[in-house]
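See below for the structure under consideration.
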Amino acid sequence: MGSEFGSVLIIGAGLAGLVVAAEALDAGLKVRILDQENSANLGGQAYWSFGGLFLVDTPEQRRLGVRDSFDLAWSDWQNSAQFDRLGNEDVWAHRWAKAYVEFAATEKRSWIKRKGIDLTPVVGWAERGDGRAEGHGNSVPRFHIAWGTGTGVSEPFADRIREGLRMGQVQLLNRHRVTELVTTGRSVTGVRGEVLSPDDAQRGQGSTRTVLGQFEFSAEAVVVATGGIGGNHDLVRKFWPTRLGDAPEHMITGVPEYVDGSGIELAQASGARWANSDRMWHYTEGIQNWNSIWPSHGIRILPGPSSMWFDAEGNRLKAPCLPGHDTLGTLKYLRTDPIARKYDYSWFVLNQRIVEKEFALSGSEQNPDLTNRDKAGVVKDRIFGKGAPAPVRDFLDKGADFVSATTVEELATKMNSIAPQAFVEPERLRQHLLVRDSQIENPFSKDQQIQSIRNARKYIGDRLTRAVAPHRILDPAAGPLIAVKLHILTRKSLGGLQTDLSGRVLKEDGSIFGGLYAAGEASGFGGGGMHGYNALEGTFLGGCLFSGRQVGRALVGALQ
């Protein structure tokens, strides 16, 4: 198939693989990319994302009055990661983490700008934390959203690959599924696999696995950039950690089904080390997509701070299990609390005023104004607009997990009708709402959620776009009441193939696996898990960018 492409072979045409390829192309190398899906899927998971990027001490932050620094960000990262395997699985993860935070605090912003990624002016405050200065969470807003959302991050690199195709520098072979790494001595020297039959499925949809033939390619360097395990519920359950309780019987899926862990497994089968396989990142605010693209397709609600959170029986969750605060802390509570763990769902209860201001949905397709770079539309609809955004209205009207009512009794009846596994007692629900509403009467409150709302509104970014003014949920003028059934949504692997800072994969004994590299989620976003136990958000796309850049530059240094 052309020996001129025998230097760099990349498995996977997602964001990390494209960044590796772009770095190699810019240095004059030729690249072969293999991907099991068709060409419509160029850019992989990143295309579907909200486009959030973790950055530190930026002009966008400073214009909004946010004071940030490397020291604060690194402290937040370490407090969240809680690295406790430094003599083993975390030894490289910790080094990658520090290098990434340094990158985010220095040249990341200028580098992405040169690559064609532009940022919106409002910085989001994701993962606000568990309520402790020394605990998990972002001390300040750091979630920078790209114009174009996920497409705004992935398409500049996809365009670079398209240019390479036109110039004869890239060979992109779709419908080529790698099933084996070829090793010679102690090094990887190529790959073998299956040629799958053509399939014109739309981006993200499942495709046939009918095999037409076999292939084998040699290469001086092979890069595994195949993503994690989020689309493979069997693997998610296999590695589900006991610290998070029992894995749910029912989950919905936040990534296409081809995100199945096969790339990590084939590397492990050849002797590579899969580190921190028990660390993972799944969301607790998942809703069933009324317009699904892949099987059990779920969407994550990006919540503001005001919705009340209840378990399946209508008991209010305790702080720090608050919207937008502590993802894995809330997941642990829902899977270990004696009552909550009996069910695979929980509830948001809110009203029309809250849903209009505070509900955003993750995903490029759920944010057409940002994805289409409609700056006037963003200002008109998100800052000065009346009513919920159109994608949110679609879920209110068509989503299986949404019910609304004018009274608490009617709301509880509808909640019980769509989730009969448990019973929400109307009077108990009313009392929870009344007690919460009693804390609105004056600017002082002992309710931690009310305190969080008021803290959020001190930040102009939240006050303009994400946090509604405190008010009584039972205020008829703010109605109707709304309840949303929330599912566990699978998303990211935090562990992966262990790599050094050049992205070279390590063997089980800690030695370098010659000729083999890994980038993106397949490497735990660097080092076999640079997030440790927790993510600060905006760090998954950013981890693909950084690890892809590191690997690409290492390949250039090794092969030129």
Side-chain angles (χ1 to χ4, degrees), residues 14-16 18-19 21-23 25-26 42-66 68 73 100-101 103-126 138 140-163 302 360-385 389 391 459-462 464-466 520 536-549 552:
L15 177 60
L18 299 187
V19 176
E23 289 290 327
L25 292 175
D26 289 347
L42 194 64
Q45 300 176 63
Y47 180 93
W48 298 103
S49 75
F50 191 55
L53 295 169
F54 176 93
L55 291 154
V56 177
D57 191 23
T58 63
E60 288 78 15
Q61 288 175 299
R62 293 192 289 272
R63 280 195 292 267
L64 295 168
V66 176
D68 200 6
Y100 175 68
V101 178
F103 176 60
T106 54
E107 62 177 311
K108 181 178 179 181
R109 185 180 180 277
S110 60
W111 182 77
I112 63 173
K113 187 173 180 62
R114 289 196 304 272
K115 296 297 181 181
I117 299 171
D118 295 319
L119 302 174
T120 66
V122 177
V123 182
W125 195 353
N138 284 296
V140 298
R142 298 189 175 108
F143 192 77
H144 296 67
I145 302 167
W147 283 114
T149 59
T151 70
V153 177
S154 65
E155 281 299 290
F157 296 97
D159 287 342
R160 181 68 183 92
I161 302 312
R162 295 182 185 110
E163 179 187 10
L302 301 172
L361 303 172
S362 182
S364 56
E365 82 283 13
Q366 300 297 334
N367 296 274
D369 52 354
L370 290 167
T371 300
N372 296 327
R373 304 172 188 246
D374 180 6
K375 298 181 180 181
V378 169
V379 173
K380 177 183 176 182
D381 295 338
R382 297 187 182 239
I383 298 179
F384 299 109
Y459 169 51
I460 188 172
D462 276 350
L464 287 174
T465 65
R466 298 291 289 137
L536 292 175
E537 290 285 21
T539 57
F540 302 131
L541 289 179
C544 289
L545 294 173
F546 183 60
S547 62
R549 192 181 90 140

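Here the structure is a predicted model, which is why all the values come from computation and not from measurement.
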So, do L545 and L15 sit near enough that their side-chain heavy atoms are less than 4.5 Å apart?
yes
May I ask you to test the R549-K115 pair for a side-chain heavy-atom distance under 4.5 Å?
no
Sidechain N-carboxylate O distance under 4.0 Å for D26, R160
yes
Heavy-atom nearest pair, A146 first then V153, reads CB-CG2, 3.8 Å
Rounded at 0.5 Å granularity, tell me how far CD1 in I460 sits from CZ in R63.
12.5 Å
So among F54, W111, F103, which one has a ring pair (Phe, Tyr, Trp, His ring centres under 6.0 Å) with F546?
F103
T149 vs T371, test: side-chain hydrogen bond (donor to acceptor under 3.5 Å, both in side chains). Steps then yes/no.
CA-CA 5 Å; T149 59; T371 300; 2.7 Å; yes
Test side chain to side chain contact (heavy atoms under 4.5 Å, CB included) applied to T58 - qualifying residues, sequence neighbours left out:
L55, E60, Q61, R109, H144
Salt-bridge criterion met for K375 and D118 (N-O under 4.0 Å)
no
Kindly determine whether I145 and V122 satisfy side chain to side chain contact (heavy atoms under 4.5 Å, CB included), including the steps that lead there.
CA-CA 8 Å; I145 302 167; V122 177; over 6 Å; no
Residues that R62 engages under side chain to side chain donor-acceptor pair (under 3.5 Å), provided they are two or more places apart:
D57
Using the side chain to side chain donor-acceptor pair (under 3.5 Å) criterion, which residues pair with R382? Sequence neighbours excluded.
N367, D369
With sequence neighbours left out, what residues match N372 under side chain to side chain contact (heavy atoms under 4.5 Å, CB included)?
P368
Write down the atom of N138, the atom of A126, and the distance for their closest heavy-atom approach.
ND2-O, 2.9 Å
Among T151, I117, I112, whose side chain to side chain contact (heavy atoms under 4.5 Å, CB included) with P156 holds?
I117
E23 CD to L18 CG distance, which is reported to the nearest 0.5 Å:
12.0 Å
Partner residues of Y47 under the ring-ring contact (aromatic ring centres under 6.0 Å, His included) criterion, sequence neighbours left out:
none
Please list, chain by chain and in numerical order, all residues satisfying ring-ring contact (aromatic ring centres under 6.0 Å, His included) with W48, sequence neighbours excluded.
W294
Within 45 degrees of the ring normal and closer than 6.0 Å to the centroid, is that where the cationic atom of R466 sits relative to W125?
no
Using a strict threshold of under 4.0 Å (side-chain N to carboxylate O), is an ion pair present between K113 and E107?
no
Do F50 and S364 come within less than 4.5 Å of each other through their side chains, counting heavy atoms only?
no
Where do T120 and V378 land on the side chain to side chain contact (heavy atoms under 4.5 Å, CB included) test, with the steps shown first?
CA-CA 10 Å; T120 66; V378 169; over 6 Å; no
Intermediate values then yes/no, side chain to side chain contact (heavy atoms under 4.5 Å, CB included), L541 and S49:
CA-CA 8 Å; L541 289 179; S49 75; 3.3 Å; yes
For residues L119 and L53, determine if any side-chain heavy atom of one lies less than 4.5 Å from a side-chain heavy atom of the other.
yes
Indicate the atoms forming the closest heavy-atom contact of L42 with A158, along with that distance.
CD2-CB, 3.7 Å
Nearest heavy-atom pair of S547 and G520: which atoms, and what distance?
OG-N, 2.8 Å
Between G538 and Y100, which heavy-atom pair has the shortest distance, and what is it?
O-OH, 3.8 Å
Where do P121 and L64 come nearest, in terms of heavy atoms and distance?
O-CD1, 3.6 Å
Rounded distance (nearest 0.5 Å) linking atom OG of S154 with atom CD of Q45
11.5 Å
Flag side-chain contact, heavy atom, 4.5 Å: V66 against V123
no
